[in-house]
Amino acid sequence: MNYLISDIENGIKVSGLRDFCPEHIFECGQAFRWERTEEGSYIAVAKDKVAEFLMKDGELYVFNATKEDFEEVWHDYFNLDTDYQEIKDNLKKTLAYSKNDSLKEAIEFGNGLRILNQDHFEMIISFIISANNQIPRIKKSVELLSQTYGDFIGVYKGKKYHRFPSPAQLAYQDPEEVKEITRVGFRHTRIVEAARSYLEENDKFENVSLEELKNNLIALPGVGPKVMDCILLFGYGIEDTFPVDVWVKRLMETLYLDQPIPNKKILEEAGILFGDYKGHAQQYLFYYARENAIGK
DNA sequence: AAACAGGGGTTAA
DNA sequence: TTAACCCCTGTT
């Protein structure tokens, strides 16, 4: 995507962005290291950077960031080389799109939503924490984990920020201590063991075929089908995957199948309905269904 | 004020 | 297939 960066006080202004809405990007359930401010901007952490994002009059204001930060970190984080016009055009050709207006409405509702390109290890640990859990609590645990074990980044607006812990920073912690500090509950041994596996058997998780990656991810403690699909979609950029949580199950039953269906069958149906871009369809629909309490 | 219900994937039985 | 895992929030 072509855009123009100009300097402003304490940051930059990015002009010419298309399909970019911070609210939809952060609130849609794919990321945990962000907070909404009173002004409706979003402060987010990625790698060793903290920045504040505000969309105003079609331009993106990024505070606490330089042009170099944007080009080196945020461009990739937001997947700015991905053309969402093309993705939306492809979704319009699907069976689901012609079946009823739900996908059309979901895309309009979530317009400007982008699937992020987040760190592999951070996604593995974050989505293990997400199991049987809720977003505010997941965010709290991820924050405590970072504060306690991650490298200090700096202070922004009076708050201290830390990187997400590295595999080595997590792998040899006492699980009981992790539990006490981070409020992850019964997931404490899972995250420490997963960190150790990722560290000691790193070649199982990087530069391997998709088939092998899936086998190795699902073998990690705390990683089942849903968590694996989230890691693949939000970390590894696999668009052809379809995480089924309670909301997706409900919306599939309510909007497309008209009856209760086991999860395994939902995956088959999703392939038929949404084709190769099912990850994007899932994200638009999940956000739309959750914000509008569809199926509840 | 204290008790209780609701929410939510994976795992071991 | 089903119960247990844990913590936070909101309601009674």
Side-chain angles (χ1 to χ4, degrees), chain A residues 26-36 115 118 120-149 170 173-198 201 204-205 213-236 238 241-254 259-270 278-279 282-283 285-296:
Chain A
F26 290 115
E27 304 270 3
C28 76
Q30 63 176 323
F32 305 109
R33 300 216 65 193
W34 55 269
E35 62 214 84
R36 187 186 166 96
I115 290 181
Q118 300 181 79
H120 297 172
F121 178 67
E122 182 174 339
M123 290 299 96
I124 291 170
I125 301 302
S126 298
F127 279 97
I128 290 174
I129 294 171
S130 82
N132 202 248
N133 209 342
Q134 298 158 102
I135 290 170
R137 215 186 120 194
I138 302 164
K139 286 177 66 181
K140 191 76 210 168
S141 289
V142 170
E143 189 183 351
L144 289 166
L145 208 49
S146 303
Q147 273 174 16
T148 310
Y149 304 109
L170 211 49
Q173 300 297 335
D174 172 15
E176 291 303 324
E177 186 195 277
V178 172
K179 183 182 178 183
E180 282 299 310
I181 294 172
T182 63
R183 324 307 295 155
V184 293
F186 60 84
R187 307 162 191 85
H188 61 313
T189 48
R190 296 177 180 177
I191 62 176
V192 174
E193 279 181 35
R196 194 145 57 216
S197 292
Y198 186 87
E201 303 165 284
K204 282 187 175 180
F205 306 99
L213 177 62
K214 284 182 175 181
N215 289 337
N216 295 334
L217 283 174
I218 209 150
L220 289 171
V223 179
K226 189 272 180 183
V227 168
M228 180 184 78
D229 281 339
C230 288
I231 295 166
L232 290 172
L233 184 57
F234 306 130
Y236 289 85
I238 310 298
T241 189
F242 197 80
V244 180
D245 71 342
V246 287
W247 283 100
V248 173
K249 185 170 159 65
R250 280 196 291 248
L251 79 86
M252 288 294 283
E253 290 167 349
T254 308
Q259 56 179 312
I261 296 273
N263 281 26
K264 199 171 148 39
K265 204 94 167 87
I266 290 183
L267 238 40
E268 286 174 34
E269 295 289 343
K278 54 175 91 68
Q282 185 272 358
Q283 205 54 25
L285 286 164
F286 168 81
Y287 184 53
Y288 173 68
R290 201 193 59 189
E291 297 299 305
N292 298 291
I294 286 171
K296 281 218 73 179

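Bear in mind the structure is a predicted one, so any value in this text is a computation, not a measurement. In what follows, chains carry the letters A, B, and so on, assigned in the order in which the sequence lines appear, proteins first and then strands, with residues in each chain numbered from 1. What you see below is based on every heavy atom in this structure, not just the backbone, and it leaves out hydrogens, waters and symmetry mates.
- Remark: the backbone N or O of A/Gly279 is not paired with any side-chain donor or acceptor of A/Thr241 at under 3.5 angstrom.
- Residues satisfying the salt bridge (Lys or Arg N to Asp or Glu O under 4.0 Å) criterion with A/Lys204, sequence neighbours excluded, are A/Glu201.
- Remark: A/Glu193 engages no residue in a salt bridge (Lys or Arg N to Asp or Glu O under 4.0 Å) (not counting sequence neighbours).
- Heavy-atom contacts of chain A under 4.0 Å fall on DNA chain C between two terminal nucleotides, which in 5' to 3' order are C/dC5 to C/dC8.
- Listed in residue order, the members of residues 186-195 of chain A having a heavy atom less than 4.0 Å from DNA chain B are A/Phe186, A/Arg187, A/Arg190.
- Between the CZ atom in A/Phe242 and the CD atom in A/Glu268 there is a gap of 13.0 Å [rounded to 0.5 Å].
- In this pair, A/His120 and A/Tyr236 present their aromatic rings parallel. The plane angle is below 30°, not in the 30 to 60° band.
- Listed in residue order, the members of residues 216-227 of chain A having a heavy atom less than 4.0 Å from DNA chain B are A/Leu220, A/Pro221, A/Gly222, A/Val223, A/Gly224, A/Pro225, A/Lys226, A/Val227.
- Residues passing the salt bridge (Lys or Arg N to Asp or Glu O under 4.0 Å) test with A/Arg196, sequence neighbours excluded: none.
- Residues from residues 287-296 of chain A that place a heavy atom under 4.0 Å from any atom of DNA chain B, listed by number: A/Lys296.
- Taken from CG in A/Leu233 to NZ in A/Lys278, the straight-line distance is 11.0 Å, to the nearest 0.5 Å.
- In this structure, A/Met252 and A/Ile261 have side chains that are not in contact, with every pair of non-hydrogen atoms separated by 4.5 Å or more.
- A donor-acceptor pair under 3.5 Å is formed between the side chain of A/Asp174 and the backbone N or O of A/Glu176.
- Taking OG from A/Ser146 and CZ from A/Arg33, the interatomic distance works out to 3.5 Å, rounded to the nearest 0.5 Å.
- To the nearest 0.5 angstrom, A/Gln118 atom CD is 11.5 Å from A/Ile231 atom CD1.
- In terms of phosphate contacts, A/Trp247 brings a side-chain nitrogen or oxygen within less than 4.0 Å of OP1 or OP2 of B/dG8.
- Every side chain to side chain donor-acceptor pair (under 3.5 Å) that A/Tyr149 has, sequence neighbours left out, goes to A/Glu177.
- Annotation: ring pair (Phe, Tyr, Trp, His ring centres under 6.0 Å) contacts of A/Phe234 (sequence neighbours excluded): A/Phe127.
- Axis angle across the helix from B/dA2-C/dT12 to B/dA13-C/dT1, with five pairs used at each end and values rounded to 10°: 50°.
- Scanning for salt bridge (Lys or Arg N to Asp or Glu O under 4.0 Å) contacts around A/Lys249 gives A/Glu253, with sequence neighbours left out.
- How far CG of A/Leu145 is from CG of A/Leu170: 5.0 Å, rounded to the nearest 0.5 Å.
- For the pair A/Lys139 (side chain) and A/Trp34 (backbone), a donor-acceptor distance under 3.5 Å is present.
- Whole-Å rounding puts the A/Lys249 NZ to B/dG9 P distance at 12 Å.
- Atoms NZ (A/Lys139) and P (B/dG7) sit 21 Å apart, rounded to a whole Å.
- Residues from residues 120-137 of chain A with heavy atoms under 4.0 angstrom of DNA chain B, sorted by number: A/Ala131, A/Asn132, A/Asn133, A/Gln134, A/Arg137.
- When atom types are taken as modelled, the side chain of A/Arg290 and the backbone of A/Tyr287 share no donor-acceptor pair closer than 3.5 angstrom.
- Nucleic acid contact class of A/Lys179 (heavy atoms, under 4.0 Å, all strands): sugar-phosphate only.
- Rounding to the nearest 0.5 angstrom, the gap separating the CZ atom in A/Arg187 from the CD1 atom in A/Ile129 is 8.0 Å.
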